[in-house]
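A quick write-up on the structure given underneath.
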Amino acid sequence: MTHEAPQVRVHPRVLRYTPTGEITTTLRVTIGTHGPDAVVNGVHLTLPPGPSTTPADATAPGWTVRGTAPGTWHAQPAEPPPAGAPFDLDLTGLRTSPRTGPVDLAVGVALDDGEHLTTHRLFQQDELFAITRLAPTKSHVEYHGSADLTWKGPDGKPFYTLWRSDEEPSTGHPITVDDQGGACRYTVHDLTRDITAFLLVVNGRDHQEDRAVTYVIATKGDVLAGALSVDGTARLLHAPQEVPDIPGTYRADTDGFLSATVTTGSSSSTATLTLTIAPQGADAQPTIRRSVTATLAGRPVTAQLPLPAGSLLTLRCDGAQPIATATWFPLGGGNLGKAGS
């Protein structure tokens, strides 16, 4: 029987690698519709091989992933996925050639009528090309005040763009950064909103890019609202809430920001924290997924993301000894509670 060609999607499009060619990103291969009677017997993947001359195994929950040659893997499910049903293959421990730029990932899905091959253009990026520790030197400023944003950026004085949520429309502007060997500083002025969020993006050669988010609170700042009724005093920013259990899935009762950190407790293995934010409702925005990987023991890495009201937040850890924490900053009354509780 000849089956319909499966639909294959790959996320993320950017793969971060270490100097030895280990990919620190969790690569998700989604196998979609492939006919109601089609059973997936295995998946083959090929990337440009790394410096190793021997095959390297990888890992994926529910699968056995064997390196059959440098840069080539065969994933075998512990149990065949239900016929015709879509599924995700989450791969860690892949190795590739440690070079920056575009690469082609070949994905072969083995059905009983043969292998169906697709090719996906991805971009490899050195893990050191990153923004870390982005934060204001003062989280609260006076109305019309200024704040210094500081962060650790890539070497070589790359190109930065900054978005501000208080601009209408919010468009990015190139900024000139005080960059002292990667220790960066930039001053933002005229802060009048109750909370102003900032998206910082850095770009380098060969499509390299990273981004980070932070925010500054203005005392007695302006509040934008479509329909607001207040009897007395309204308090917008409430007390931060520590996320009690990681991994786990939570639901946000109100808008807010999430700041999450991961480090590895092992000197010989990495730790990855994956955040998935799934807005709910008919007019919901697309799902956001962000992974950050700690490669050195005692050197945490951080991610910050907006968390809309009603959305589902899923936190997942991968690695031998991941140590993860997360804090939710609610912009209004409500909790970040366990989903389904």
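Residue indices begin at 1 and follow the sequence shown.
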Going by atom types alone, do Thr293 and Thr272 pair a side-chain donor with an acceptor below 3.5 Å?
yes

Verify side-chain contact (heavy atoms from CB on, under 4.5 Å) between Thr132 and Trp151, making sure each step is shown before the conclusion.
CA-CA 6 Å; Thr132 59; Trp151 66 92; over 6 Å; no

Whether the Ser146 and Thr187 side chains hold a donor-acceptor pair (N or O, under 3.5 Å, no angle test) is what I'd like checked.
no

List the steps, then state whether side-chain contact (heavy atoms from CB on, under 4.5 Å) holds for Tyr17 with Asp126.
CA-CA 5 Å; Tyr17 64 84; Asp126 190 327; 3.9 Å; yes

Minimum-distance pair of heavy atoms, taken over all atoms of Ala5 and His116:
CA-ND1, 3.8 Å

Side chain proximity check, Arg289 to Arg28, heavy atoms < 4.5 angstrom
yes

Quick one: do Leu111 and Val39 satisfy side-chain contact (heavy atoms from CB on, under 4.5 Å)? Show the steps, please.
CA-CA 6 Å; Leu111 306 179; Val39 176; over 6 Å; no

Shared hydrophobic cluster for Val8 and Phe87 (ILVMFWY, side-chain gaps under 4.5 Å):
yes

Rounded to the nearest 0.5 Å, how far does CG of Leu15 lie from CD of Glu127?
13.0 Å

Between Phe257 and Tyr215, does the ring centre distance come in under 6.0 Å?
yes

Dump the intermediate steps for side chain to side chain donor-acceptor pair (under 3.5 Å) on Thr68 and His74, then the final yes or no.
CA-CA 7 Å; Thr68 57; His74 176 67; over 6 Å; no

What closest approach, in Å, do Thr214 and Ala135 show between heavy atoms, and which atom pair accounts for it?
OG1-CA, 3.9 Å

Say whether His120 and Thr118, considering side chains only, have a donor N or O and an acceptor N or O under 3.5 Å apart.
yes

Between the side chains of Thr30 and Asp88, does any donor sit under 3.5 Å from an acceptor?
yes

Tyr186 side chain reached by Leu200 side chain, heavy atoms, under 4.5 Å
no

Test side-chain contact (heavy atoms from CB on, under 4.5 Å) applied to Ile195 and Asp255, Ile217, Val216, the passing residue:
Ile217

What's the shortest heavy-atom distance between Pro55 and Gly67, and which atoms?
CB-O, 3.0 Å

Starting from the C-alpha separation in whole Å, work towards a yes-or-no answer on side-chain contact (heavy atoms from CB on, under 4.5 Å) for Tyr143 and Thr219.
CA-CA 6 Å; Tyr143 190 74; Thr219 302; over 6 Å; no

Stepwise salt bridge (charged side-chain N to carboxylate O under 4.0 Å, His left out) check, Asp179 with Lys157:
CA-CA 6 Å; Asp179 187 340; Lys157 296 187 176 181; over 6 Å; no

Could you point out which residue of Thr72, Leu91, Leu94 forms a side-chain contact (heavy atoms from CB on, under 4.5 Å) with Leu45?
Leu91

